[in-house]
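Have a look at the structure below before the remarks.
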Amino acid sequence: MDILECSLLNGRWDSKLDTELESRPAIAMLAKDVIDGKFREVLTSLWARAFFRASGLQDNSYEESFSWQLPSVTDEAEREFIQVVLAVASLHAFIQANWTGPDLDINPSEVIVDVMNPTLISDEVLDMKAVSELAYGGEPAYHLAQHATFLRLAQLIFALPYRHCISVCWWRLRTSVIHEQLLDEAVPLPTDAHDPLGSLLQTLTGDIGDRDLAGRLQLEQGRLEHIFCHDKAASDRFVQAARATGLQYELTGALGRRTKFQQNDLSQLVLLAESRKRDDSPAEAIPDDLADQSRTPDDMSIMAYSNFPVTLGLNDDTLLEQTIFTSSAPSSTTSQLSHLDPVSQPPLHPLDQCILLSLCLNVRNTSPSHGLTSEQMSPYVARVISHPKNWSVHTMALLLRSRLESGRTRTVERSVLQLQALVDQMPTADSPLPERLLYFHSIPLPSKWEMERELALRFLTLGVVKSALEIFERLEMWEEVVKCWQSMEMTDKAVAIVRDLLEGRKEEAESVILRGKDLPSPRRGKLDSTRQAKLWCLLGDLEPDHAVGHYERAWALSKETSGRAMRSLGGYYFARGEFEKAISCLQRAVKINPLLSRSWFILGCAYIRLENWEGARDSFSRCVSIDDEDGESWNNLASMYLRLDSSQNILESDVSGENQPSKSFSNRMLAFRALKQGLKYSYDNWRMWTNYMIVAMDVGELSEACRALTRIVEERSAKTGAECVDEEVLERLVNAVTRVPAGLDQSAGDDDRRRDAVNNPNEGHGLLRRVLDLFDRTILPRVSSPRIFRAYARLLTFQSRWEDALKAYLDWYRCSVAGTFEKGETDAEKWREAVNEVEDVVDVLKNFGPRIQGINWRHQARSIVRTFMGRSKDFEDQAEWSRLVEFQSELRTEE
């Protein structure tokens with residue numbers, strides 16, 4: 001890779017590049033100006049004026065209006081590099097205007113010259129056209145993005161064919177990430193859009209050996225996966241990035257204190273992290289007053305260093321500003337990072353800080369939604385905040401801390417104030433632009449409007465609806481404006497706003513009014529079709545009686561590209577039981593944007609109502625591929641496999657085929673695996689555990705069925721008692737244990753069978769411990785019933801535990817029909833059943849009694865018979881009464 005290409009990707013001008021200034025001064029100086037953030041000089045250069053010449057731009061699209069010619073450059077490699085430099089300048093100018101600040105000092109009209117209309121072109125016309133063309137996959141681009149023309153130009157330039165500049169595919173990735181953040185919902189890219197990145201990564205790791213550059217590429221690929229909610233793929237990318245840069249990190253514990261009044265030191269989570277040693281020490285320089293920041297947490301009321309965002313203090317009467325570690329060593333002494341002192345860890349390279357923040361995002365995405373999430377994220381964020389080294393990275397770390405603290409009463413005030421401070425700092429020039437852009441592509445820093453939107457949403461959670469409404473109206477986020485009016489129970493006001501926008505009676509914002517004065521009258525207040533379709537969808541949500549007409553109007557206006565319209569219409573039909581129409585609409589919606597799992601889920605449910613099991617299976621498969629933590633979708637997917645299994649069993653009765661049974665069993669195994677995966681994310685769902693238990697029994701995974709029954713009893717025993725135990729499943733588990741020989745020496749002639757009896761977790765001795773724990777630790781301490789005691793007794797008999805088995809049989813008798821038989825009962829059938837139970841318990845005493853020392857089993861047997869006969873004298877005329885008399889006489893004779 002060319003050294004100038006590397007410098008553009010790194011965003012840093014190295015002293016080694018001075019030789020390039022001597023060999024090719026004009027091109028090298030152009031690249032240096034881009035790195036230094038001098039976009040005006042680059043975009044108004046002679047090359048730029050020749051390159052950005054358009055023809056008929058007012059009537060044609062950007063792609064049709066430019067010929068992208070550089071007649072003064074004859075060398076193809078140089079021409080391609082100049083194109084890349086101009087595209088990077090355009091992309092970074094757009095980022096400066098909408099992400100990092102400060103305010104941009106150049107407008108699109110100063111860059112583009114329309115040879116047909118050199119005087120009529122204006123920034124408003126250019127940006128309106130760009131926003132319209134940036135709509136993708138039925139999702140509109142944010143219409144108040146400043147200077148959207150620059151992003152569109154960068155897109156088109158990077159889309160040109162290149163033969164010499166191998167870094168273009170990476171710049172396409174960066175452009176795609178920015179474009180995705182501009183859309184309302186993430187839209188999948190073409191499957192082959194970033195295929196060349198694999199070969200580029202091999203080039204970086206092989207030929208030039210730039211570990212940091214390779215780490216950056218993997219980190220940015222992970223960011224794109226994160227945008228698409230592919231958390232597992234994103235996690236792999238982040239870990240690979242850490243491996244590439246040589247970052248070592250470990251989440252461990254160390255003694256410390258979190259409150260001002262804490263007397264005893266307790267183990268606290270801490271992230272130990274260390275960057276590899278690099279040669280570029282000047283870039284790693286850090287002010288001395290920041291290096292030991294982690295040692296002095298008490299004087300952090302407000303830190304405002306010249307080049308970093310303001311870090312607000314907590315100022316709480318109980319919580320410390322940050323955890324004070326009193327131990328100089330982590331709890332684990334076997335780690336490679338055990339030499340690090342949790343109190344004063346060395347500063348990290350900014351790129352490694354970016355990786356830690358990305359790993360922190362991954363912790364949020366892959367962990368269950370409980371208290372541990374913030375506890376896991378906090379050490380990552382604290383490790384980055386402790387040593388601020390870059391403006392953008394530190395801004396992102398403070399933003400993540402603000403999100404973490406928004407849910408705690410003692411920190412919510414700082415959370416809101418910190419977020420407000422971050423919003424206010426964007427237009428300032430407290431740090432140079434090159435520093436802000438240096439690691440921008442390596443962190444998920446939100447745009448200005450997204451950060452303000454987050455602030456407004458934070459106000460909503462605190463009940464400050466009016467302030468949130470003002471922000472949403474200024475940002476022209478009409479969907480959120482409608483929600484604010486609905487939360488105040490003023491739906492009519494929301495309807496009026498949307499109708500005024502659609503009918504042109506309401507200008508969108510003061511800035512739009514001011515811009516509109518300079519526009520031709522037909523363009524004033526005009527909405528592009530994508531945004532107009534979204535407003536019709538909003539109106540459909542607000543007016544259910546006319547919803548169908550509004551959604552269809554949105555679909556027509558968008559020229560059948562509005563996924564939102566079809567999603568809304570499909571949900572409308574589904575709620576009213578018109579499943580065929582719902583399926584038709586939702587199929588169109590998922591074809592436009594297949595990344596929204598909710599659309600796939602409703603589509604699957606609609607298929608279920610029409611008993612289209614294959615369609616439902618495919619829909620729920622897409623759900624879990626998008627969000628593998630969706631336990632409900634895993635459960636529904638398993639149900640579809642079982643439905644397909646039932647359908648195949650019906651076909652087997654009509655069509656004979658050798659492969660049918662194996663296919664049926666395969667479906668059941670797929671259902672078992674789907675439920676097993678779903679239970680990782682729905683651990684407390686007893687219905688899913690019930691399904692899992694039944695399927696596990698069906699496929700022969702008895703140890704898993706035993707685990708499932710354990711969870712069901714734990715979840716339901718307090719409410720439903722013995723009904724929570726599936727006694728049939730319990731007896732089948734006991735049968736699986738007892739059907740092998742009790743003593744292993746009885747099968748001494750068959751070594752394989754003896755070995756299988758010990759190792760097989762689903763049968764015999766391999767299953768015995770699980771079933772015993774199920775009885776002893778889970779079922780019997782909570783519930784009891786005759787069948788439970790009898791199954792337990794059989795298990796104890798298998799172990800030759802005669803005394804315990806006899807006790808279990810007697811417990812069975814006490815809660816059986818005979819044991820609870822009341823005097824005065826008149827039901828003859830019930831009495832006959834009780835007689836049989838008396839006979840059974842007497843036989844048990846006869847068989848087990850002689851094997852137990854110190855027990856008078858004959859006396860117990862006579863007592864049982866005598867007591868039962870005393871309670872049931874009303875049945876002396878029944879034929880079975882003679883059996884009771886015989887039992888009594890036999891017991892006396894034996895004595």
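The analysis underlying the following values was restricted to heavy atoms, covering all of them including side chains, and did not include hydrogens, waters or symmetry mates.
Distance alone, capped at 3.5 Å, places no donor-acceptor pair between the Glu250 side chain and the Ala273 backbone. In this structure, the side chain of Asn10 does not engage the main chain of Arg12 through any donor-acceptor pair within 3.5 Å. Using a distance-only test at 3.5 Å, with no hydrogens or angles considered, a donor-acceptor pair links the side chain of Ser176 to the main chain of Arg172. Distance alone, capped at 3.5 Å, is enough to place a donor-acceptor pair between the Glu321 side chain and the Leu314 backbone. Between the side chain of Glu180 and the backbone N or O of Val187 there is at least one donor-acceptor pair closer than 3.5 Å. A donor-acceptor pair under 3.5 Å is absent between the side-chain atoms of Glu220 and the main chain of Arg174, judged by distance alone. Looking only at distances, no side-chain donor or acceptor of Trp170 sits under 3.5 Å from a matching main-chain atom of Leu197. Within the 3.5 Å criterion, the main-chain N or O of Ser109 finds a donor-acceptor partner in the side chain of Asp123. Under a 3.5 Å cut-off, the side chain of Ser90 and the backbone N or O of Leu151 do not form any donor-acceptor pair.
Ion pairing between Asp2 and Arg24 holds under the 4.0 Å rule for side-chain N and carboxylate O. Between Asp36 and Lys32 there is a salt bridge, since a side-chain N of the basic residue sits under 4.0 Å from a carboxylate O of the acidic one. Taking the charged nitrogens against the carboxylate oxygens, Asp317 and Lys260 have no contact shorter than 4.0 Å, which rules out a salt bridge. The residues Arg410 and Asp316 are annotated as salt-bridged, a charged nitrogen and a carboxylate oxygen being separated by less than 4.0 angstrom.
Counting heavy atoms from C-beta outward, Ile178 and Phe440 have side chains that approach closer than 4.5 Å. Counting only heavy atoms from C-beta outward, the side chains of Val270 and Pro342 approach each other to under 4.5 Å. Using a 4.5 Å heavy-atom cutoff, the side chains of Gln353 and Tyr439 are not in contact.
When every heavy atom of Asn98 is checked against every heavy atom of Trp449, the shortest pair comes out as OD1-CZ3, 3.4 Å. Scanning both residues, Leu319 and Arg408, for their nearest heavy atoms gives CD1-NH2, 3.7 Å. In plain terms, the two heavy atoms of Leu134 and Gln155 that are nearest each other are CD2-OE1, 3.3 Å. In terms of heavy atoms, Val34 sits closest to Phe39 at O-CE2, 3.6 Å.
Using modelled atom types, one finds a donor on one side chain and an acceptor on the other under 3.5 Å when comparing His441 with His92. Donor-acceptor pairing under 3.5 Å is recorded for the side chains of Thr149 and Asp127. Side chains of Asp341 and Gln345: a donor-acceptor N/O pair is absent below 3.5 angstrom, by distance only. Side-chain N/O atoms of Glu5 and Ser167 include a donor and acceptor closer than 3.5 Å. Counted by atom type alone, Ser358 and His226 present zero donor-acceptor pairs between their side chains at under 3.5 Å.
A salt bridge (charged side-chain N to carboxylate O under 4.0 Å, His left out) with Asp352 is found for one member of Lys389, Arg276, Arg278, Arg383 and no other, namely Arg278. None of Leu247, Thr245, Val239 except one satisfies the side chain to side chain contact (heavy atoms under 4.5 Å, CB included) rule with Arg243; the exception is Val239.
Taking Ala26 as the reference, Trp47 meet the side chain to side chain contact (heavy atoms under 4.5 Å, CB included) condition, with sequence neighbours excluded. Taking the side chain to side chain contact (heavy atoms under 4.5 Å, CB included) definition, one finds that Ala87 meets it with Ile157, Phe158, sequence neighbours left out.
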* Apply the test side chain to side chain contact (heavy atoms under 4.5 Å, CB included) to residues Phe52 and Glu110: give CA-CA distance (whole Å), side-chain angles for both, the deciding distance (0.1 Å), then the verdict. => CA-CA 10 Å; Phe52 290 118; Glu110 301 177 66; over 6 Å; no
* Asked: Stepwise, does the side chain to side chain contact (heavy atoms under 4.5 Å, CB included) test hold for Phe228 with Leu189?
  -> CA-CA 10 Å; Phe228 294 149; Leu189 301 171; 4.0 Å; yes
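Rounded to the nearest 0.5 angstrom, Gln218 CD and Arg237 CZ are separated by 6.5 Å. A distance of 8.5 Å separates OG in Ser378 from CG in Leu269, rounded to the nearest 0.5 Å. Note: Leu348 CG to Gln248 CD = 11.5 Å, rounded to the nearest 0.5 Å. The distance from atom CH2 of Trp171 to atom OG1 of Thr175, rounded to the nearest 0.5 Å, is 8.0 Å.
Applying the salt bridge (Lys or Arg N to Asp or Glu O under 4.0 Å) test to pairs two or more places apart or on separate chains, those with a residue in residues 441-456 are Arg403-Glu454, Glu450-Arg453, Glu452-Arg474, Arg453-Glu480, Glu454-Arg458.
Counting non-hydrogen atoms of other residues, nucleotides and ligands closer than 6.0 Å to CD of Gln420 gives a total above 12.
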